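Reviewing the structure listed below.
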2 protein chains.
Amino acid sequence: MELKRYNRQNRMLVAVDCIIFGFDGQEIKLLLIKRGFEPEKGRWSLMGGFVQPGESFEVSAQRVLKQLTGLENVYLEQLYAFGDPNRDPLERTASIAYFALIDISKYEKQLSDHFHPEWFSLKKVPSLIFDHKEMIQMAKEKLRYKSAFQPVLFELLPAKFTLPQLQNLYEGVYESHMDKRNFSRKVLSTGLLIKQKQKDKAGSKKGAFYYKLDKKKYKHLFNSFLKFGPEPGKI
Amino acid sequence: MELKRYNRQNRMLVAVDCIIFGFDGQEIKLLLIKRGFEPEKGRWSLMGGFVQPGESFEVSAQRVLKQLTGLENVYLEQLYAFGDPNRDPLERTASIAYFALIDISKYEKQLSDHFHPEWFSLKKVPSLIFDHKEMIQMAKEKLRYKSAFQPVLFELLPAKFTLPQLQNLYEGVYESHMDKRNFSRKVLSTGLLIKQKQKDKAGSKKGAFYYKLDKKKYKHLFNSFLKFGPEPGKI
DNA sequence: ACCGTTAATTGTCAAATGTACAATTATTAA
DNA sequence: TTAATAATTGTACATTTGACAATTAACGGT
């Protein structure tokens, strides 16, 4: 006997939402849009969309991300499945949240003016629909946890970046101050960084040397444990 | 204008599956059941169930876990949402996978003979339905990752346990050998363990002292970063 | 050409932690 | 009493971390 469906079970909508992080060289930002349909039309929201037939969650998140940013092949990781029965007041909808780390310099606003996107400082996130605030909170925590042991924050940087920028990034993630000398010793000891001859003279008179990622070592190191992040207890 | 539903969108089934870990003092085990309905009836499977109306994912996983083990208030954490459109051949079904760490000594088989559950060594997992093998693989990796920095493995131990047992546990998780002297120094330095006067004389003539968890310190430490696990590069 | 300003770069020492390695002890059974 | 087994304990060296400040490079103005 073959069945055609699982009878007597309830089906529900499934959506994806993307927590999109960017870094402008000074601080970490979050890309939000104005929701374009009811309910809650016009309020700030994470970019999202319903999972389509034949589409996996990952592909769905990639599609949504590309819709908004035009970007592909960016760092995208599943964060958590939010399934509270009442999280969407209109109808039960599960949301698979993904967080993305993008190189903000590759982002072009024009592509997606339809969504009225804006970058927000992590410290100035507006009121959001549904459980999106909770999603962001969890994404922040995951980013902290993860970047303490894996060099994932480089995904937020352009191809060339300076040590002060990198340190700003880590300090932003951990909301703490780090010692310049110890920080540079630590990151350079990984062997991940290749010093360039060129300097970035935007931020100071002396200028700061650019560095590039050693992509071979990066891919190799990514899946081993690292000891990044601040000193335990100082977070 | 108020809408009643999101029109033109497809709904899907959502289930939870539980990866249930246990530890018998020697090695880490996995609790599997024989699937009781079509398709794939009679094959080995993770314990799971459909998410019911009004039930969050977490509650759903707790219900499923209790159904099989009779246990409540055990360590249960969301692992990943599996959403491949064809993961269930009968009908599109998303699965929110949870992993559970239970004290195997509290488990009583009789409660759930209906499911024909059996404990399997992690090295001898049978062929499984759908993507359950992938779920287990991911759960193993997460357990490794997590227990390297948080003292989560204590959830697998009974109230009283010995240092050799604890070391077996860590060695099982990391599939590697650790030095007894360094291991005991490391775990004792956390201050998490309280030495008992009693000994466990089952495993040796000399007997090994029991230890208990300092539950206050445990809860406090749980959310700070620790440096457990093996030496990097030795995994 | 010199000076002042700004921010990047570089170094050292002490403390804590990690690593490698083996002798001693408690208990049981013969 | 002895032999056997597995638990317990210690030490020296290497590595990493943490705290701390002087020097350097480039610019703009004098």
Side-chain angles (χ1 to χ4, degrees), chain A residues 25-27 148-149 151 157 160-171 174 176-212 221 224-235, chain B residues 25-27 148-149 151 157 160-171 174 176-212 221 224-235:
Chain A
Q26 294 299 124
E27 60 173 359
F149 310 115
L157 292 166
K160 290 190 296 185
F161 53 88
T162 68
L163 284 186
Q165 282 168 5
L166 185 62
Q167 186 169 349
N168 281 341
L169 179 50
Y170 272 88
E171 290 181 345
Y174 292 104
S176 68
H177 178 73
M178 299 175 185
D179 182 85
K180 282 185 285 187
R181 294 157 286 193
N182 294 339
F183 181 82
S184 71
R185 177 158 45 108
K186 209 168 181 177
V187 292
L188 293 176
S189 77
T190 63
L192 280 175
L193 301 191
I194 304 170
K195 193 172 189 172
Q196 307 298 111
K197 291 179 179 172
Q198 207 188 349
K199 275 187 170 183
D200 168 34
K201 296 190 180 162
S204 75
K205 294 175 179 175
K206 181 176 179 180
F209 281 105
Y210 280 118
Y211 286 82
K212 277 188 183 177
L221 262 185
S224 41
F225 296 96
L226 285 183
K227 292 176 190 169
F228 254 105
E231 308 74 42
K234 287 211 174 176
I235 302 176
Chain B
Q26 294 299 125
E27 60 172 359
F149 309 114
L157 293 166
K160 291 189 298 187
F161 54 87
T162 68
L163 284 186
Q165 282 168 4
L166 186 61
Q167 186 170 350
N168 281 342
L169 179 50
Y170 272 89
E171 290 182 345
Y174 292 105
S176 69
H177 178 73
M178 300 174 185
D179 183 84
K180 282 184 287 188
R181 292 158 286 192
N182 294 339
F183 181 82
S184 72
R185 181 153 44 93
K186 207 168 181 177
V187 291
L188 293 176
S189 76
T190 64
L192 280 175
L193 301 191
I194 304 170
K195 193 173 189 171
Q196 307 298 111
K197 290 180 179 172
Q198 207 188 349
K199 275 187 171 184
D200 168 33
K201 297 193 178 159
S204 75
K205 295 175 178 176
K206 181 175 178 180
F209 282 105
Y210 280 117
Y211 286 82
K212 279 189 182 177
L221 261 186
S224 41
F225 295 95
L226 285 183
K227 292 176 191 170
F228 253 105
E231 308 74 43
K234 287 211 176 179
I235 301 174

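So that the names make sense, note that chain A is the first sequence line, chain B the second, and so on, each numbered from 1. These values consider heavy atoms only, across backbone and side chains, with no hydrogens, waters or symmetry-generated copies. Source: prediction; values computed, not measured.
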Worksheet item: When the distance from CG of A/Asp200 to C1' of C/dA7 is rounded to whole Å, what number comes out?
Response: 12 Å
Worksheet item: Rounded to the Å, how far apart are B/Asn182 CG and D/dA12 C1'?
Response: 12 Å
Worksheet, complete the sentence: Between CG of B/Leu188 and P of C/dT17 the distance, given in whole Å, is 15 Å
Worksheet item: With sequence neighbours excluded, what pairs up with B/Arg181 under the salt bridge (Lys or Arg N to Asp or Glu O under 4.0 Å) test?
Response: B/Asp179
Worksheet entry | Integer-rounded Å distance: C/dA7 P and A/Gln167 CD | 14 Å
Give me, pair by pair, the N or O atoms of the protein and of nucleotides 26-30 of chain D that are less than 3.5 Å apart, along with how far apart they are.
{"unit_1": "D/dA26", "atom_1": "O4'", "unit_2": "A/Lys205", "atom_2": "O", "d": "3.4"}
{"unit_1": "D/dA26", "atom_1": "O3'", "unit_2": "A/Lys205", "atom_2": "O", "d": "3.4"}

Worksheet item: What is the distance, rounded to the nearest whole Å, between atom OH of B/Tyr210 and atom C1' of D/dT8?
Response: 17 Å
Fill in: Non-neighbouring partners of B/Gln26 that pass side-chain contact (heavy atoms from CB on, under 4.5 Å), sequence neighbours left out
B/Asp24, B/Asn168
Item to complete: Would you give the length of the straight line joining atom OH of B/Tyr211 to atom OG1 of B/Thr162, rounded to the nearest 0.5 angstrom?
Response: 9.5 Å
Practice prompt. May I have the distance from B/Phe183 (atom CZ) to C/dA20 (atom P), rounded to whole angstrom?
Written response: 16 Å
Fill in: Nearest-nucleotide comparison on DNA chain D, the residue closer to the 5′ end among B/Arg185 and B/Pro164
B/Pro164
Discussion item. Closest approach to the side chain of B/Ser184, judged atom by atom: which nucleotide of D/dT9, D/dG10, D/dG18 is it?
Written reply: D/dT9
Discussion item. What I want to check is whether an N or O donor and acceptor connect the side chain of A/Arg181 with the base of D/dT17 at under 3.5 Å.
Written reply: no
Practice prompt. Please report the shortest heavy-atom distance between B/Met178 and B/Glu171, naming the atom on each side.
Written response: N-OE2, 2.8 Å
Item to complete: Could you state the atom-to-atom distance from NZ of A/Lys197 to P of C/dA8 in whole Å?
Response: 23 Å
Response to the item:
B/Leu163 and B/Ser184 have their tightest heavy-atom pair at CD1-CB, 3.9 Å
Please list every donor-acceptor pair under 3.5 Å in which a side-chain atom of residues 192-202 of chain A meets a protein atom from a residue at least two apart or in another chain.
{"unit_1": "A/Gln198", "atom_1": "OE1", "unit_2": "A/Lys160", "atom_2": "NZ", "d": "2.6"}
{"unit_1": "A/Lys199", "atom_1": "NZ", "unit_2": "A/Lys206", "atom_2": "O", "d": "3.2"}
{"unit_1": "A/Asp200", "atom_1": "OD1", "unit_2": "A/Ala202", "atom_2": "N", "d": "3.1"}

Practice prompt. Round to the nearest Å and state the distance from B/Asp179 atom CG to D/dA7 atom P.
Written response: 14 Å
Item to complete: Could you tell me whether a side-chain N or O of A/Tyr174 sits under 3.5 Å from a main-chain N or O of A/Ala148, the two making a donor and an acceptor?
Response: yes
